[in-house]
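Structure first, then comments.
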Amino acid sequence: MLTKTQTAGKTFLLDAHQRINAAMRACLAWAAVEEHDKILDMACGEGQMLFRLNDQLRLTLCGMCDSAEQARYVSEMLDGADVIPGRMEDIPWRDDTFDEILLSAPLRGDARRVFSEVIRALRPGGQFVMASHLFFHRGEGELSRREIMRLMQEAGFREVSYRATGLCGAIVGWKKGKIDQ
């Protein structure tokens, strides 16, 4: 899939797949996506993961990003995708909406609130995949992988695990399904 980007007033067509970073690759590697699933990319940026998913399967794609301009751009490039500006702590979709929620960007905001929103927006049996670098220096206030996994379990995720992939791995958790409850 080709996308447009502007640099110094010139428009270039770029293959969106070339711009997928290690965190995005880790999320995509561990996401249990099936045909016709409804997916939310919580920090879709320019839509790289959504483009990749759109090429592979027939899905309902949704995204959250930092600005209305960015949301418009991704929505236009992915005709039919529901992309809106929003904060991780306030997912503006109804309860039990998504089969998978992906997060390849750093966790921003109150982690407990973010995980509470993710579990609310996931359907029973739904999956949350969050990128986690293998080697990184934590800044002040950043949570460790172990702390993130503990907070996910406290929020109600089951089978929370870390899965390595190259230089970046993923923390994966599942919302309890009807059978689990």
key: Any side-chain heavy-atom pair of Y73 and V83 under 4.5 Å   = no
key: Shortest non-hydrogen contact between A71 and C65, atoms and distance   = N-SG, 3.3 Å
key: Distance (rounded to the nearest 0.5 Å) between R158 CZ and K175 NZ   = 11.5 Å
note = Between A26 and G169, the two heavy atoms sitting closest are CB-O, 3.5 Å
request  = Mind checking salt bridge (Lys or Arg N to Asp or Glu O under 4.0 Å) for R58 and listing every partner two or more places apart, or none if nothing turns up?
outcome  = E35
request  = Apply side chain to side chain donor-acceptor pair (under 3.5 Å) to Q153 and list each qualifying residue two or more places apart in sequence or on a separate chain.
outcome  = none
key: Set of side chain to side chain contact (heavy atoms under 4.5 Å, CB included) partners for A68, sequence neighbours left out   = R72, P85
ask   = Listed by chain and number, what are the salt bridge (Lys or Arg N to Asp or Glu O under 4.0 Å) partners of D99, not counting sequence neighbours?
value = R123
key: Any pair counted as salt bridge (charged side-chain N to carboxylate O under 4.0 Å, His left out), so long as it reaches residues 101-113, sequence neighbours left out   = D66-R108, D90-R113, R112-E154, R113-E117
Side chain to side chain donor-acceptor pair (under 3.5 Å) partners of W93, counting only residues at least two apart = D82
query = So do E100 and V129 actually touch side chain to side chain, heavy atoms under 4.5 Å?
reply = no
ask   = If every non-hydrogen atom of L50 is compared with every non-hydrogen atom of L61, which pair is closest and at what distance?
value = O-CD1, 3.5 Å
request  = Can you measure from CD1 (I119) to CG (D95) and round to the nearest 0.5 angstrom?
outcome  = 11.5 Å
Please report, to 0.1 Å, the donor-acceptor pairs under 3.5 Å made by any side chain of residues 36-45, with sequence neighbours excluded.
| from | atom 1 | to | atom 2 | distance (Å) |
| --- | --- | --- | --- | --- |
| D37 | OD2 | E34 | N | 2.9 |
| D41 | OD1 | A43 | N | 3.2 |

remark   = Heavy-atom nearest pair, M49 first then C27, reads SD-CB, 3.8 Å
inquiry  = To the closest 0.5 Å, what do you measure between CG (L28) and OG1 (T165)?
reply    = 10.5 Å
remark   = Between the CG atom in L102 and the CH2 atom in W30, the distance rounded to the nearest 0.5 Å is 14.5 Å
query = Between atom CD1 of I171 and atom OH of Y162, what is the distance when rounded to the nearest 0.5 Å?
reply = 7.5 Å
ask   = Do you know the tightest heavy-atom contact between L103 and F128?
value = CB-CE1, 4.1 Å
ask   = Which residues pass the side chain to side chain contact (heavy atoms under 4.5 Å, CB included) test with S161, sequence neighbours left out?
value = R163, V172
inquiry  = Does atom CD (Q56) have a neighbourhood of more than 12 heavy atoms from anything else shown, all under 6.0 Å?
reply    = yes
message = Under the rule for side chain to side chain contact (heavy atoms under 4.5 Å, CB included), what residues qualify as partners of P92, not counting sequence neighbours?
response = M64, I84
Which residues share a salt bridge (Lys or Arg N to Asp or Glu O under 4.0 Å) with D79, sequence neighbours left out = none
task = Not counting sequence neighbours, which residues clear side chain to side chain contact (heavy atoms under 4.5 Å, CB included) with A155? List them please.
result = F115, F157
message = List the residues meeting side chain to side chain donor-acceptor pair (under 3.5 Å) with N21, not counting sequence neighbours, and say none if there are none.
response = none
Value rounded to 0.5 Å, distance of CZ in R52 from CD1 in I20 = 3.5 Å
task = Identify the two heavy atoms, one from M24 and one from S104, that lie closest to each other, and give their separation to 0.1 Å.
result = CG-OG, 3.6 Å
key: Polar side-chain atom of E89 near backbone of G109 as donor-acceptor pair, under 3.5 Å   = no
